Amino acid sequence: MPELPEVEVLVRHLRPLLYGKVIHAVHVSRPRVLRPTSVRTFTQKLKKARFTNLSRRGKFLLFTLSQRKGVETMGLVGHLGMTGRMYLLSKPATLPKHTAVSMDLGDKQFVFEDTRYFGRLTLETGAIERLGPEPLSNEWTTDIFAEALRNSTQPIKVKLLDQSLVAGIGNIYASEALFRSGISPKIPARRLGKGQVLQLWRAIREVLAEAIDRGISQELDYPGDSKRLDGFFYFGRSAREDLPEPFSVYGRLGEPCLICGKVIRRLIQASRSTFYCPHCQTAKSGRR
DNA sequence: CACCATGTTCCTTG
DNA sequence: CCAAGGAACATGGT
């Protein structure tokens, strides 16, 4: 589920639901997701704490809680990894097989489910500090983007996945933004011309903003247990036949390019798939 | 059995 | 010190 848009939509969904709720009990069935926090510390700190806010930074969720007695504030950091979900269930609830952590909130049960357990829910907040700027904020300018690409010999696609460069782009939206800006994923980052940097900067913002809009305008199945919605959480092709295809190139290997009709290709970069149109996305560098 | 999967972190190499 | 590449983590779908 999780790149910046998916996390943003989830945060907007959960924030009002969690606001003011008190944690009565904590159950950790997979201590690995707390890393490096211990189960004992985690449980002891969260028990009787109250949710006061929820925000997003890159692909991370940032929960704010107030301690049981007093005004002290505590940060709890969440990450969905590749397969994580977070949602509330009405009690009494049957927890899914891959529940990593659950919390008793009185009338509701908070569930962090994660099939592959790559996700996290932790009191350790260090990861947040290593993140680059938010791509949808005014802090992230074309100049900052250009400067960050200037000295890198890595292919631009690989560079976009670097969370210290700009936070929140993942494998799907990296391919989508490069397609939209007509740039080959193989070009070394420092070879991008001024015009290409500007187009890519704009494409990243558009692609992310549009995905958020899609997410908030669709009915979603957060726990993935609704027959009617077919488990549809966010993207995932063919999950819903009634919805239009959300991606131009991602996952479209062998299908025709929506612009020129040539076949979409896949290439492996840094052990991950990149999808692109060989005709629309030129390998040529622009003017610098 | 093969290959694929929305991510991050750690280790090695240069 | 840094950049870059690869493995590890873990479970499932096709």
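Letters A, B, ... are given to chains in the order of the sequence lines, protein chains preceding strands, and every chain is numbered from 1. Reckoned from all heavy atoms, side chains included, excluding hydrogens, waters and symmetry mates. All figures in this text were calculated on a predicted structure; none of them were measured in a lab.
For the pair A:Leu165 CG and C:dC2 C1', the computed distance is 16 Å after rounding to whole Å.
The side-chain contact (heavy atoms from CB on, under 4.5 Å) test applied to A:Thr115 returns A:Thr83, A:His98, not counting sequence neighbours. Under the ring-ring contact (aromatic ring centres under 6.0 Å, His included) criterion, A:Phe60 pairs with A:His79, not counting sequence neighbours. Here A:Lys59 pairs with nothing under the salt bridge (Lys or Arg N to Asp or Glu O under 4.0 Å) rule; sequence neighbours left out. When the ring-ring contact (aromatic ring centres under 6.0 Å, His included) test is applied to A:Phe179, no partner is found at least two apart in sequence or on another chain. In this view, A:Phe118 satisfies the ring-ring contact (aromatic ring centres under 6.0 Å, His included) rule with no residue, not counting sequence neighbours. Among residues two or more places apart in sequence or in another chain, the ring-ring contact (aromatic ring centres under 6.0 Å, His included) test is passed with A:Phe110 by none.
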Distances under 3.5 Å between protein N/O atoms and the N/O atoms of nucleotides 12-14 of chain C, please, pair by pair.
unit_1, atom_1, unit_2, atom_2, d
C:dG12, OP1, A:Lys97, NZ, 2.9
C:dG12, OP1, A:His98, NE2, 2.5

Measure all distances between protein nitrogen or oxygen atoms and nitrogen or oxygen atoms of nucleotides 10-14 of chain B, and list the pairs falling under 3.5 Å.
none

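Residue pairs meeting the salt bridge (charged side-chain N to carboxylate O under 4.0 Å, His left out) criterion with at least one member in residues 159-185 of chain A, sequence neighbours excluded, are A:Lys159-A:Asp162, A:Arg180-A:Glu206, A:Arg180-A:Glu210. Screening residues 133-148 of chain A for side-chain hydrogen bond (donor to acceptor under 3.5 Å, both in side chains) gives A:Arg56-A:Glu134, A:Arg57-A:Glu134 as the qualifying pairs, with residues at least two apart or on separate chains.
Taken residue by residue, residues 269-278 of chain A places heavy atoms nearer than 4.0 Å to DNA chain B at A:Arg272, A:Ser273.
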Problem set entry | For DNA chain B, the dot-bracket pattern of Watson-Crick and G-U pairs whose distances stay under 3.5 Å, | for other-strand partners | .||||.||||||||

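Remark: A:Arg30 is positioned above the aromatic ring of A:Tyr117, its terminal NZ or CZ atom under 6.0 angstrom from the ring centre and at most 45 degrees off the axis.
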